[in-house]
Amino acid sequence: MATTEPLAQGTGRDVEDVTEDFAEDCAGIAAGEAAGSVPPYRGRPERHPRQRPVPLVLDPDAVELRAPVFGAADVSPLDADLTTGHHGEPLGERITVGGRVLDGRGRPVRGQLVELWQANAAGRYVHRMDRHAAPLDANFTGAGRCLTDDDGRYRFTTIRPGAYPDVTRHNAWRPSHLHFSLFGTAFTQRLVTQMYFPGDPLLPYDSIWTSVRDATARRRLVAAYDPGLNEPGLSLGYRWDVVLDGPAATWAEEGR
């Protein structure tokens, strides 16, 4: 699976419906591969809009003025450390991931809510739809968030996620990756993307990474090892910047 977000909850649909849609997705990917092309990644059908957009004729920006926004009062500094909050230490290689959130002109984006979610070191999500036969970690739930500082910087402490089988393809595995969500000044501006690790041999075989047709955009999804982010004796550091718009914009999953 590609995400830990709720699937059938609140949609009025049962697990069988979800499974049926998922099978249709698998068939679509298989058809694309058979035709020699990989279709753009659009995420799970449950996250696609089911109703037509409501036109805002008089004031198109009104929805953003009324949408909820997270701020400093909603986010604790402890939320950025995914290795705490449990009774013991999580298993796996501890890492620090940091970078900057920038706009299309290279300016820092301050106060940006950055969310991260991921599989554990064994490659399994804390999610009822994850059927991977790998163990859960009682000391790791795999979700965190933070706000960018005045220089647009964010920073997480977490565990390097493991690879897991890509059930949409025969004998394929998804490379280690982190899911990121960034909100602008309203929910309508949400950007969802994925960060990969340098030197991962599974990258050229990943159906999502290879669905990004522009090679430069694909490379921008891969973090750089950064000794400056290492925590001595504790974690390895990876740097990954996110650009919200413009020609160097970070690839975003469609349909969000």
Side-chain angles (χ1 to χ4, degrees), residues 2-3 5 28-29 32-33 35-44 47-49 53 56 60-61 63-65 67 69-70 95-118 145-156 174-200 202-226 228-229 237-256:
T3 182
E5 292 188 337
I29 291 175
E33 291 177 336
S37 64
V38 179
Y41 179 64
R42 298 191 63 236
R44 300 191 66 94
R47 298 185 305 209
H48 298 177
L56 298 173
D61 297 327
V63 65
E64 298 188 3
L65 296 176
V69 178
F70 285 104
I95 60 174
T96 302
V97 179
R100 302 181 74 194
V101 178
L102 306 168
D103 67 14
R105 299 175 65 181
R107 298 175 298 193
V109 180
R110 304 176 180 87
Q112 174 73 65
L113 177 67
V114 182
E115 296 179 307
L116 179 154
W117 67 96
Q118 64 171 101
R145 60 184 180 179
C146 69
L147 295 172
T148 56
D149 65 14
D150 287 344
D151 294 321
R153 298 186 185 281
Y154 73 89
R155 185 184 179 101
F156 288 101
R174 293 227 56 213
S176 299
H177 61 277
L178 304 175
H179 297 269
F180 275 82
S181 164
L182 295 95
F183 285 95
T185 56
F187 269 65
T188 54
Q189 301 169 358
R190 189 184 185 196
L191 180 152
V192 178
T193 186
Q194 300 185 19
M195 186 207 93
Y196 296 87
F197 292 85
D200 193 324
L202 295 175
L203 267 180
Y205 305 97
D206 183 50
S207 60
I208 295 177
W209 191 71
T210 55
S211 72
V212 183
R213 293 185 170 86
D214 181 73
T216 303
R218 281 200 303 273
R219 286 194 293 272
R220 286 198 295 265
L221 295 178
V222 181
Y225 170 63
D226 186 349
L229 288 173
Y238 292 91
R239 175 173 45 80
W240 189 60
D241 294 338
V242 178
V243 179
L244 300 182
D245 53 24
T250 301
W251 171 83
E253 298 177 17
E254 296 181 11
R256 306 307 172 89

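All values reported here derive from a predicted model rather than from experimental measurement. Quick note: residue numbers are just sequence positions, from 1.
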List in chain and number order the residues that pass salt bridge (Lys or Arg N to Asp or Glu O under 4.0 Å) with [X], two or more places apart in sequence or in another chain; answer none if no residue qualifies.
X: Asp226; value: Arg239
X: Asp103; value: Arg107
X: Arg155; value: Glu231

Non-neighbouring partners of Trp251 that pass ring-ring contact (aromatic ring centres under 6.0 Å, His included), sequence neighbours left out: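 ring-ring contact (aromatic ring centres under 6.0 Å, His included) list for Trp251, sorted by chain: empty.
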Testing the basics here: between [X] and [Y], what is the closest heavy-atom pair and its distance to 0.1 Å?
X: Phe180; Y: Leu116; answer: CZ-CD1, 3.7 Å
X: Arg213; Y: Arg218; answer: O-NH1, 3.4 Å
X: Cys146; Y: Phe156; answer: SG-CZ, 3.6 Å
X: Ile95; Y: Val97; answer: CD1-CG2, 3.8 Å

Side-chain ([X]) to main-chain ([Y]) donor-acceptor, under 3.5 angstrom:
X: Asp241; Y: Leu102; value: no
X: Arg220; Y: Thr250; value: no
X: Arg145; Y: Glu115; value: no
X: Thr148; Y: Val109; value: yes

Could you label the plane-to-plane angle of the His179 and Trp117 rings as parallel, tilted or perpendicular, counting under 30° as parallel and over 60° as perpendicular?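 Answer is parallel, since the angle falls under 30°.
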Side chains of Tyr196 and Asp206: does their closest heavy-atom pair fall under 4.5 Å?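 Tyr196 reaches Asp206 side chain to side chain.
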Using the side-chain hydrogen bond (donor to acceptor under 3.5 Å, both in side chains) criterion, which residues pair with Tyr154? Sequence neighbours excluded.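 Partners of Tyr154 by the side-chain hydrogen bond (donor to acceptor under 3.5 Å, both in side chains) criterion come out as none, since no residue qualifies.
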With sequence neighbours excluded, tell me which residues meet side-chain hydrogen bond (donor to acceptor under 3.5 Å, both in side chains) with Arg219.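 Expected list: Thr216.
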